[in-house]
Amino acid sequence: MNEKDFFEKVIEIVSNASGLEVGAILGCNREECVDARYVLVAVLAECLSDRQIALASGLSVQLVNKAKNCFRERCKYRWGLKQMYEEVKNIGVN
């Protein structure tokens with residue numbers, strides 16, 4: 001599976017798990033959208049570099065890096081974020 005196909009598969013799963021549209025996940029700053037974006041980046045970061053994620057998503061490398069590096073800390077106080085991440089991982093994207 002190439003990077004583009006992997007990205008499309010993961011974002012579709014995150015969209016379904018969060019109930020949000022892809023555009024909202026990538027571009028909206030509402031808290032639920034930011035949570036979904038963090039989950040997206042966390043899952044993608046298991047296989048792709050920050051630069052690859054940025055190119056596929058249209059997000060900046062800096063934003064991707066921040067989401068990746070702050071994910072665990074954000075999970076500590078955002079219970080729904082951890083639940084969404086577990087749901088996405090249980091679907092078996094890797």
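Distance check: Ile25 CD1 to Glu32 CD gives 10.5 Å after rounding to the nearest 0.5 Å. Taking CG of Leu26 as the start and CG of Leu59 as the end, the distance is 5.5 Å to the nearest 0.5 Å. Here the CD1-CE distance, from Ile13 to Met84, works out to 13.5 Å after rounding to the nearest 0.5 Å. With rounding to the nearest 0.5 Å, the separation of CD in Gln83 from CG in Asp35 is 12.0 Å. Put simply, CG on Leu81 and SG on Cys75 are 4.0 Å apart, with the number rounded to the nearest 0.5 Å. Taking CZ of Arg37 as the start and CZ of Arg30 as the end, the distance is 10.5 Å to the nearest 0.5 Å.
Between the Ser18 side chain and the Ala36 main chain, no donor and acceptor come within less than 3.5 Å of each other. At least one donor-acceptor pair closer than 3.5 Å links the side chain of Ser57 to the backbone N or O of Ile53. In this structure a side-chain-to-backbone donor-acceptor pair under 3.5 Å is present from Asn69 to Asn65.
For Glu73 and Arg78, the salt-bridge test fails: no basic side-chain N is under 4.0 Å from an acidic carboxylate O.
A 4.5 Å side-chain heavy-atom check between Tyr38 and Lys66 finds at least one atom pair inside the cut-off. For the pair Asn2/Asp5, a side-chain contact is recorded, criterion being any heavy-atom separation below 4.5 Å from C-beta on. When side chains are defined from C-beta on, Leu40 counts as touching Ile11, because their heavy atoms get closer than 4.5 Å.
Here the closest heavy-atom approach between residue Val34 and residue Arg74 is recorded as CG1-NH2, 3.6 Å. The shortest heavy-atom contact between Ala56 and Phe7 is O-CE2, 3.5 Å.
A continuous path of Ile, Leu, Val, Met, Phe, Trp and Tyr side chains, each step under 4.5 Å between heavy atoms, connects Val14 with Ile91, placing both in one hydrophobic cluster. In this structure, Leu55 is not a member of the same hydrophobic cluster as Phe6, with clusters built from ILVMFWY side-chain heavy atoms closer than 4.5 Å.
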* To do: Could you walk me through whether Arg72 and Lys82 pass side chain to side chain contact (heavy atoms under 4.5 Å, CB included), step by step?
  => CA-CA 9 Å; Arg72 291 195 192 281; Lys82 187 171 182 170; over 6 Å; no

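Within 6.0 Å of CD in Glu21 there are 12 or fewer heavy atoms belonging to other residues, nucleotides or ligands.
Aromatic ring centres of Tyr85 and Phe71 lie closer together than 6.0 Å.
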